[in-house]
Every structure is written in structure tokens, then in C-alpha cells.
Asks: 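Can you read through this structure? Questions will come right after.
Computed from a prediction, not measured in an experiment: that's the story for all the values here.
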Amino acid sequence: MLPPKGEGTAGDQAIQKGLEAVWPTDLSVSDERQLLAAGRALLRADATGVGRGKWPEVFPGSGQGLTPAFSTARFRVQAAIARRDHRPGRAVVHLVWAGTDRGGTYADGRITDLYFTRTSQEGLPVWVPQPRT
């Protein structure tokens, strides 16, 4: 059972356990760790503007004074899992997050899915985020 909206950080663990129960692990620990770190950072960059330069293919023109939609101070990932996508060499990171928008409205339980493709760079496997279509 998920916590009620507005529960704050006290409800995050229940959300995490709920995600894990619905989608059993199907990636290696290494892949999941790598995808979760990238997914969290990519979501933070998207929502707050912090770190967009790391992914120019996802955020083209991000250095042109775009105003972030959410405050960095009141942004947090409540829960996240990484799982295989239905296509080979693809994965999806499911994130549940909370934040305060520029208008001052706080909301939790926001949901974002970010997709990644497995490729190789300098002979090492890496997960590359896919631009939203």
C-alpha cells in the first residue's frame, strides 16, 4: 500500500518497496546501479537545469538561458528502479519524485520514465539516454 500524497520523506521507502514489488529485478546489479545514477542525474538536470551540459544530445541548446521549471532546494527523487525495456539493448528508469515548481506549488508522487540504450564506448558498455520524442 502506498502512502498518502504529502507524506513527505516518511513515505519514500514505501514507494520504493512498491515499485520493486511490481517490477521484479531483471538487470545485473552493475547495470541497475549505472542506470539509476544516470536516471536520477538526468531527471534532476531536466527539472532543475543543474547538469544539463552533461547531456547535450538530450538538452540541445541548454546553455541559452533556459529557466528551470523546479527549484533545486525542494527537489528529490522519492523512489527509482531500472528495468529492461521490451526491446533488446534498451532499459527504462522509472522515477517517482517531488518538487516545488517556479510558481511555488509543491507536489510529490510525480512520475517520469527515462529510456536508455546500451552501447559501447572505448570497448566498455555504457547506457546512453534517449531524447524524448
Asks: With a 6.0 Å cut-off (strictly less than), is the heavy-atom count around CD of Gln13, excluding the residue itself, greater than 12?
Replies: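 Not buried by this count: 12 neighbours or fewer within 6.0 Å.
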Asks: With a cut-off of 6.0 Å (strictly less than), are more than 12 heavy atoms of other residues, nucleotides or ligands near CD of Gln121?
Replies: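 No, CD of Gln121 has 12 or fewer neighbouring heavy atoms, counting only those of other groups under 6.0 Å.
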Asks: Taking only residues two or more places apart in sequence or in another chain, which ones pass side chain to side chain donor-acceptor pair (under 3.5 Å) with Thr117?
Replies: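 Partners of Thr117 under the side chain to side chain donor-acceptor pair (under 3.5 Å) test: Arg90, Gln130.
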Asks: Counting C-beta onward and ignoring hydrogens, is there a side-chain heavy-atom pair between Leu95 and Leu114 closer than 4.5 Å?
Replies: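 They are in side-chain contact.
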Asks: Quick check: closest heavy atoms across Phe75 and Ala47, and the distance to 0.1 Å?
Replies: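 Closest heavy-atom pair between Phe75 and Ala47: CE1-CB, 3.6 Å.
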Asks: Looking at every non-hydrogen atom in both residues, tell me the closest pair between Ser71 and Thr48 and how far apart they are.
Replies: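 Taking every non-hydrogen atom into account, O-CG2, 3.9 Å.
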Asks: List the residues meeting salt bridge (charged side-chain N to carboxylate O under 4.0 Å, His left out) with Asp85, not counting sequence neighbours, and say none if there are none.
Replies: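 So Asp85 forms a salt bridge (charged side-chain N to carboxylate O under 4.0 Å, His left out) with Arg87.
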Asks: Going from NZ on Lys17 to CG on Leu19, what distance comes out if it is rounded to the nearest 0.5 angstrom?
Replies: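 If we round to the nearest 0.5 Å, Lys17:NZ and Leu19:CG are 13.0 Å apart.
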Asks: Excluding sequence neighbours, so at least two apart, what forms salt bridge (charged side-chain N to carboxylate O under 4.0 Å, His left out) with Arg76?
Replies: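 Per chain and number, Arg76 pairs via salt bridge (charged side-chain N to carboxylate O under 4.0 Å, His left out) with Asp12.
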Asks: What pairs with Arg118 under side chain to side chain donor-acceptor pair (under 3.5 Å), at least two apart in sequence or on another chain?
Replies: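 Expected list: Asp31.
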Asks: Minimum heavy-atom separation for Leu35 to Ala91, with atom names?
Replies: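 Shortest heavy-atom separation between Leu35 and Ala91 comes out as CD1-CB, 3.6 Å.
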Asks: Tracing side-chain links under 4.5 Å among I, L, V, M, F, W and Y, which residues wind up in one group with Leu124?
Replies: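 Grouped by the 4.5 Å side-chain rule, Leu124 forms a cluster of one, so the answer is none.
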Asks: Apart from Val128 itself, which Ile, Leu, Val, Met, Phe, Trp or Tyr residues share its cluster (side-chain heavy atoms under 4.5 Å, direct or through members)?
Replies: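 Hydrophobic cluster check, Val128: joined to Val126.
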Asks: Determine, step by step, whether Asp46 and Phe59 satisfy the side chain to side chain contact (heavy atoms under 4.5 Å, CB included) criterion, reporting the C-alpha distance in whole Å, the side-chain angles of both residues, the deciding distance to 0.1 Å, and the verdict.
Replies: CA-CA 8 Å; Asp46 188 23; Phe59 304 110; 3.6 Å; yes
Asks: Return the set of residues passing salt bridge (charged side-chain N to carboxylate O under 4.0 Å, His left out) with Arg102 (not counting sequence neighbours), or none when no residue passes.
Replies: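 Salt bridge (charged side-chain N to carboxylate O under 4.0 Å, His left out) check on Arg102 returns nothing, list empty.
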Asks: Would you name the heavy atoms of Pro68 and Gly49 that are closest together and state the gap between them?
Replies: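 In this case the closest contact between Pro68 and Gly49 is CB-N, 3.8 Å.
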Asks: Considering residues at least two apart in sequence or located in another chain, which fulfil the side chain to side chain donor-acceptor pair (under 3.5 Å) criterion with Arg83?
Replies: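 Per chain and number, Arg83 pairs via side chain to side chain donor-acceptor pair (under 3.5 Å) with Glu32.
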Asks: Excluding sequence neighbours, so at least two apart, what forms ring pair (Phe, Tyr, Trp, His ring centres under 6.0 Å) with Phe70?
Replies: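 Result, ring pair (Phe, Tyr, Trp, His ring centres under 6.0 Å) vs Phe70: Trp97.
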Asks: Side chains of Ile81 and Val93: closer than 4.5 Å at any heavy-atom pair?
Replies: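 With C-beta onward as the side chain, the pair stays apart.
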Asks: Which atom names give the shortest non-hydrogen contact between Pro129 and Trp55, and what distance separates them?
Replies: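 For Pro129 and Trp55, the tightest heavy-atom pair comes out as CG-CD1, 3.4 Å.
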Asks: Do Val96 and Val77 make a side-chain contact, defined as non-hydrogen atoms from C-beta onward lying under 4.5 Å apart?
Replies: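 Val96 vs Val77: side chains apart.
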Asks: Which value, rounded to the nearest 0.5 Å, describes the distance between Gln78 atom CD and Ile15 atom CD1?
Replies: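 Result: 4.0 Å between the selected atoms.
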Asks: Output all residues satisfying salt bridge (charged side-chain N to carboxylate O under 4.0 Å, His left out) with Arg44, sequence neighbours left out; order by chain, then residue number.
Replies: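 Salt bridge (charged side-chain N to carboxylate O under 4.0 Å, His left out) list for Arg44, sorted by chain: empty.
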Asks: Per the ring pair (Phe, Tyr, Trp, His ring centres under 6.0 Å) rule, what does the pair list look like for residues 19-46, sequence neighbours excluded?
Replies: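 Passing the test, one end in residues 19-46: Trp23-His94.
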Asks: What's the shortest heavy-atom distance between Arg40 and Ala80, and which atoms?
Replies: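 Where Arg40 meets Ala80 most closely, the heavy atoms are NH2-CB, 3.8 Å.
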Asks: If you link ILVMFWY side chains whenever their heavy atoms are less than 4.5 Å apart, which other residues fall into the same cluster as Val92? By chain and number, please.
Replies: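 Via sub-4.5 Å side-chain contacts, Val92 links to Tyr115.
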Asks: Is a donor on one side and an acceptor on the other found under 3.5 Å between the side chain of Asp26 and the backbone of Arg84?
Replies: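 Yes.
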